[in-house]
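What follows is a short report on a single structure.
Since this is a predicted model, take the numbers as computed values, not measurements.
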Protein chains: 2
Amino acid sequence: MTKLSGVVNEEPVPAGAQVADALRVRITEGGLPPGTQLRDTALAAEFGIARHTLRNALRQLEYEGLISYRMHKGAVVKTLCTEDVHEIYRVRRTLELAAVQQSALAGSAALRGLEERVRAAEVAVACESWNTVGTASLWFHQALVELLGSRSIDRFFQGILAQLRLAFAVMPDEAQWQPPWIPRDREICDLVRGGQRGAAIAATRQYLEDSELAVLDVVRADEMTGRT
Amino acid sequence: MTKLSGVVNEEPVPAGAQVADALRVRITEGGLPPGTQLRDTALAAEFGIARHTLRNALRQLEYEGLISYRMHKGAVVKTLCTEDVHEIYRVRRTLELAAVQQSALAGSAALRGLEERVRAAEVAVACESWNTVGTASLWFHQALVELLGSRSIDRFFQGILAQLRLAFAVMPDEAQWQPPWIPRDREICDLVRGGQRGAAIAATRQYLEDSELAVLDVVRADEMTGRT
DNA sequence: GGCCTTGAATTGTGGAACAATAATGACTAA
DNA sequence: TTAGTCATTATTGTTCCACAATTCAAGGCC
C-alpha cells in the first residue's frame, strides 16, 4: 500500500521487483506461513498493482525457491519436506566448508564482516529479541560464504537460507530453539579469524550436522500436525 | 477422460517456460550473439505469444544471468566482461574442486555419468563436430559438480556454464580452441574414477587456471573489436 | 454413503491501451 | 560547419479487460 519513496538519483526499480522484495520479507518473517495459497487477484489488489505485475513478482520468488507453482493451481508458499532439508544442508556443507577452507585467502573486510554479524546475533540474544536471533545467525553464515568472494554464490546461498527460514516460520518456540546456536557461531568465527583452519572446519561440520538434525525434528513435527 | 493405467501424467508446461527454453538454446548456440537487443514485440510475434508471456520468459533468462535488464532500456544478451569471467571461474573453482574432493562419497551412477560425458566429448572430436565439442566438455564439468548430489547446486551451476557459453558464442575459431581441452577432461575423469583424489584436485585446479586465462583472451579480444 | 454433474472460482494467456522514458532526427544558433 | 535544443517517434513498464482451460465446491442422483 505504501508507495515506496525513492531517492531521486537511484536507478528506478520495477514495481514487480519491489513487490517481490516485500513478499519475500513477509514470507521469511512468517507473515505468510508455508502452505499459504497466494491468490494473485487478492495480492495484486492489496499491493495496488496489476495482476501481471504481481505474477512477475511471484515468478521471481519461485526461482528463489520460496514458493512453488503448479499449473492451473497457482502459487503456494513452499513447505519444506525432509528431503528439502537434506538438500539445503548439502548446499550448506558444500559452500560453508569450502569457505572455511579458503578463509586464508579472504579479504580483511570479509573477515571483519564475520565478527560484526556474530556480534549482532549476540546482541539480539541479549535483547531477548528471539525472532531476530535466527535471522542474525543466518546472516553470520551468509558472511561465512561471502569469504569465497563470489557474488553469484552469495546470491544463490541467500536463496538457500531464505528457504531455511521457512522452517523457522513453522517453529513453535523460537525462543528455546535459536539461542543455543549463537555461541557455536562465535566459536566458528573466532577459529576462522584465528587462522585455525582445521579446528574451524571440524566445528563447522559438527555445527551443520547438529543443525540439520534439529531442523529435521522441527519439520517432521510440523508434518505430523499438518497431516491430521 | 480416465487415465489409462501406467500412462505418464505429464504436467503441462507453461508457454512462457517453453519459450524461455527455446531462447536459452538460441542464445547458448550463438543464434543471438551477445549484445543483441531483445525487442519484446518482435520476439512475441515471432513465437506467436503475447508480450506478457514473452517478458516472463525474459525474466527467467535474466535470473539465469544470460540477459541483462535495464529499466526502460529492455533486455540485452549479456556480453561477458573480464570481471564476469573471473566470477564464473571463482564459482567453477569452488564447486568443481569441492566435487572432486568429495568424489569418494559419490554414487556409482554419478561416476558412470562422468565416463559417459567424456566419451561423448571424445566422439564429438572424432566427428569433427566442433560446435558440439565445447558443449560436451561443459557437460562433463556439469557431471563433475553433480557428484555433490545436490539438485539446487546442479541448477545453479548449469546457469553458470550457460553464461560461459556466451564466451564461446563470440569465439572466432572454435575448431582450434575446443579440442585441446578434451584430453584434459579425460585425465580428470580417470583420476577421479581411479580414486586418486590428490592428483585429480591438482589436475582440475590447473585445468581451471589455464581455461580461465584462455577464455579471458577470447573475451579481451572481443572487447577490442567491439570498441572500434 | 459414493458418484456424477454443474456452476463458480482461479489460473494461464491474449489483446489493446496508456504513461514514462529513451532514441532519433530536425531545426536553430553561434 | 558544428553544437545544442527541441519535438517526434519507439520502446518499455504497467494497467485493464477478456476468455479458454482447469480446478474446486456444492448439490443432486443412484
Atom [atom1] of [X] to atom [atom2] of [N]: distance rounded to whole Å?
X	N	atom1	atom2	value
A:Arg39	C:dT10	CZ	P	6 Å
A:Ile49	C:dA19	CD1	P	20 Å
A:Asn56	C:dT11	CG	P	15 Å
A:Leu54	D:dT15	CG	C1'	13 Å
A:His72	D:dA20	NE2	C1'	8 Å
B:His52	C:dA16	NE2	P	12 Å
A:Arg51	C:dA9	CZ	P	15 Å
B:Asp40	D:dA10	CG	P	15 Å

Presence of [X] side-chain N/O under 4.0 Å of [N] phosphate oxygens OP1/OP2:
X	N	answer
B:Lys73	D:dG13	no
A:Thr53	D:dT15	yes
B:Arg55	D:dG13	yes

TODO: Decide, yes or no, whether a salt bridge links A:Glu87 with A:Arg90 under the criterion of side-chain N to carboxylate O below 4.0 Å.
DONE: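 Yes, A:Glu87 and A:Arg90 are salt-bridged.
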Open item on the list: Strictly below 4.0 Å, N to O, side chains only: are A:Glu146 and A:Arg117 in salt-bridge contact?
Closed with: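 Here A:Glu146 pairs with A:Arg117 in a salt bridge, since their nearest N and O are under 4.0 Å apart.
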Open item on the list: I need the single residue from B:Ile27, B:Val76, B:Val170 that forms a side-chain contact (heavy atoms from CB on, under 4.5 Å) with B:Pro34. Which is it?
Closed with: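 Single pass found, and it is B:Val170.
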- [ ] With heavy atoms under 4.0 Å as the rule, sort B:Leu38 into base, sugar-phosphate or nothing.
- [x]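 It contacts sugar-phosphate atoms only.
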Task: Cation-pi, A:Tyr69 ring and A:Arg55 (6.0 angstrom, 45 degrees) - done: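 Cation-pi check for A:Arg55 and A:Tyr69: fails.
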